[in-house]
Amino acid sequence: MNLPSAFLTRMQEMLGEECEAFLQSYESGHYQSLRLNPRKTDREEFMEKSPFHLTPVAWEKNGFYYSEEDTPGKHPYHEAGVYYIQEASAMAPVGYLDVQPGDYVLDLCAAPGGKSTQIGAAMQGKGILVCNEIHPARAKILSENVERMGLTNAVVTNESPERLSAYFPEYFDKILVDAPCSGEGMFRKHEEACSEWSPENVELCAKRQDSVLDEAAAMLKKGGRLVYSTCTFAMQEDEGSVARFLLRHPEFSIKETHRYDGMESGRPDWAGTEPVPDGMEKTIRLWPHKLHGEGHFLAVLEKTGEVPEGYRARSLYGIQKGIAPKDFAAWKEFERESLKKQFDGIFLLFGDQLYLAPKDMPALKGLKVLRPGLHLGTMKKGRFEPAHALALSLSPKDAVHCCNLSGDSQEARQWINGMTLSKDGEKGWQLVCVDEYSLGWGKLAGGILKNHYPKGYGWIHADGTVGANAITQKWPTMIELVTEWFYKLKSFPYLDLVIGITNWDEISWDEDDTFEKAIQMGIYVHDKCIELLNKQNAWAKYQEYDEKYGADPERFETDYYQKNGIVQVDEAYLRKCIESYGLDPDEELSKVRPYIWKGEESSK
């Protein structure tokens with residue numbers, strides 16, 4: 001790893017002889033970990049069901065390391081919100097926040113949502129959790145993770161700390177500031193972070209942290225707790241940010257807390273202030289050469305004073321008002337027919353979307369809100385359609401009708417990728433579960449369980465792997481291949497472009513414009529089913545293929561279509577994909593080779 005020279009010089013000055021061990025940690029692989037969702041499962045239950053090789057994380061009771069051969073992100077349990085894949089050191093700050101059910105909690109810099117969902121789990125659905133992220137794209141990811149983990153009392157906002165502090169003066173019992181930082185602690189995990197690092201960026205981050213902490217201080221109740229954390233080693237952003245904050249805010253002090261094995265005290269001599277505030281040695285550093293995790297820093301800060309007896313936190317506009325019962329009558333009918341539990345709280349309607357806000361939720365007038373509580377569903381004319389978020393917040397005992405699938409079954413993977421299931425039973429909404437963990441909604445009619453798993457939620461990964469939904473829906477003749485191979489791999493390895501169909505009733509290959517129609521259908525499949533390629537990219541690929549094969553229809557037909565469609569695959573890359581799932585490439589390729597045309601040029 002090519003670490004920045006200025007970073008190396010500074011770390012040598014900070015660590016001295018210990019720097020060698022620190023640098024050696026970059027040569028070893030980073031540890032992979034996940035955190036169980038106690039809203040869905042507990043340690044004992046999950047250890048019995050788990051297909052993974054797990055060892056505990058010392059400082060988080062629901063945290064576990066998993067082995068290199070495990071792929072928890074590609075298991076149905078992940079889609080069901082049974083766990084959150086989270087770096088082990090990143091689990092530490094929330095434990096020190098000491099969240100209790102009924103607290104009012106703010107996660108001020110919350111994306112992508114690991115710490116917010118950890119807080120939400122500790123709250124057990126009681127109290128109010130505000131998860132905020134200033135960047136819109138990251139706020140959307142935060143909202144999706146809040147949904148996946150089944151949180152019912154969380155509000156997701158997309159605001160600046162300054163805007164929030166105007167709404168929530170001395171409102172929260174607990175605040176987490178997992179501050180935007182220079183990310184030095186993530187160099188081992190994300191090497192690209194090295195190229196973005198500079199001494200100037202460290203200084204910029206430190207100034208930004210000062211501002212964020214000041215706004216957080218204004219929103220914390222007297223007697224409340226604020227945990228400040230970073231994933232950097234930089235003194236200016238760690239001890240320095242805490243020291244500067246304490247000098248600006250004498251009403252705060254650092255609380256003495258337990259340190260787990262491998263954790264070390266912060267260094268008062270790294271504060272960089274004059275005077276150095278008392279208690280800097282009570283801050284905590286997590287070093288990658290001292291424990292199984294990446295680099296982190298945290299400080300537990302408490303605000304002096306007590307709130308008066310009977311004190312009720314009040315936001316700028318008071319308590320949120322809900323809609324009248326007559327305005328959500330369709331929901332009440334659905335609740336009676338399909339659920340065994342009743343929901344209580346503040347019902348809100350945004351257009352035709354119904355939400356349930358936690359009791360006593362603050363009015364959010366004027367704020368940018370992505371999720372004002374639990375998304376219940378859509379109010380349609382004369383009926384109600386339940387939301388995916390509602391399903392993920394339930395357990396099997398909460399639903400009148402359930403369809404439970406096995407976690408290692410082909411059916412579970414088919415369901416996630418959008419396929420329907422054959423099933424007997426009473427018609428109506430069914431909570432689809434995997435090993436008793438809620439996964440989504442299905443609607444049973446005529447022996448067919450119609451899939452209501454949200455489009456775009458299937459296995460569509462950043463590395464280009466594609467959910468098999470599009471293949472099976474548009475190419476039913478490939479079902480044997482799909483059942484034997486796609487679902488065994490959980491997803492279809494990278495396709496340069498899928499531009500053919502087998503619906504021979506609609507397209508006759510005798511027509512002059514057949515190829516263009518196939519291209520158009522391929523584009524439709526991508527846009528509507530897997531959203532992998534945009535039209536511009538697909539059209540450019542079509543033109544490239546047309547130049548090669550458009551003038552030679554005989555070769556095109558024999559080399560390219562292979563009976564079922566047009567697939568160009570780099571076989572070397574395909575082998576790598578298969579091996580990554582622990583399967584034998586020769587065996588698997590023998591099943592699919594009749595369907596693959598190997599391009600003359602490697603695509604990856």
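By convention here, the first residue in the shown sequence is residue 1.
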Close aromatic pair by centroid cut-off 6.0 Å: [X] and [Y]:
X: Trp441; Y: Phe384; value: no
X: Tyr96; Y: Trp59; value: no
X: Phe245; Y: Phe252; value: yes

Checklist entry - Which pairs with one or both residues in residues 139-185 pass ring-ring contact (aromatic ring centres under 6.0 Å, His included), sequence neighbours excluded? => result Tyr104-Tyr171, Tyr167-Tyr317, Phe168-Tyr171, Phe168-Phe172
Checklist entry - Taking it one step at a time, do Val432 and Leu405 satisfy side chain to side chain contact (heavy atoms under 4.5 Å, CB included)? => result CA-CA 7 Å; Val432 179; Leu405 308 174; 4.0 Å; yes
Next on the checklist: Taking Asp173's backbone N and O only, do any of them form a donor-acceptor pair with Asp103's side chain (distance below 3.5 Å, no angle check)?
Outcome noted: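 Checking the backbone N and O of Asp173 against the side chain of Asp103, no donor-acceptor pair under 3.5 Å is found.
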Checklist entry - Does Glu251 offer a backbone N or O that forms a donor-acceptor pair with the side chain of His249 under 3.5 Å? => result no
So, [X] versus [Y]: side-chain donor-acceptor pair below 3.5 Å or not?
X: Thr157; Y: Arg163; answer: no
X: Lys40; Y: Ser438; answer: yes
X: Gln118; Y: Glu60; answer: yes
X: Ser33; Y: Tyr66; answer: no
X: Glu147; Y: Asn145; answer: no
X: Ser211; Y: Glu162; answer: yes
X: Asp107; Y: Ser116; answer: yes

Next on the checklist: Counting only heavy atoms not in Lys450 (residues, nucleotides, ligands), do more than 12 fall under 6.0 Å from its NZ?
Outcome noted: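 Count not over threshold, so no.
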Next on the checklist: Are more than 12 heavy atoms, taken from residues, nucleotides or ligands other than Lys140, located less than 6.0 Å from that residue's NZ atom?
Outcome noted: no
Checklist entry - salt bridge (charged side-chain N to carboxylate O under 4.0 Å, His left out): which pairs involve residues 319-331, sequence neighbours left out? => result none
Next on the checklist: I need the single residue from Glu302, Glu170, Glu306 that forms a salt bridge (Lys or Arg N to Asp or Glu O under 4.0 Å) with Lys222. Which is it?
Outcome noted: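 Per the salt bridge (Lys or Arg N to Asp or Glu O under 4.0 Å) rule, the option paired with Lys222 is Glu170, out of Glu302, Glu170, Glu306.
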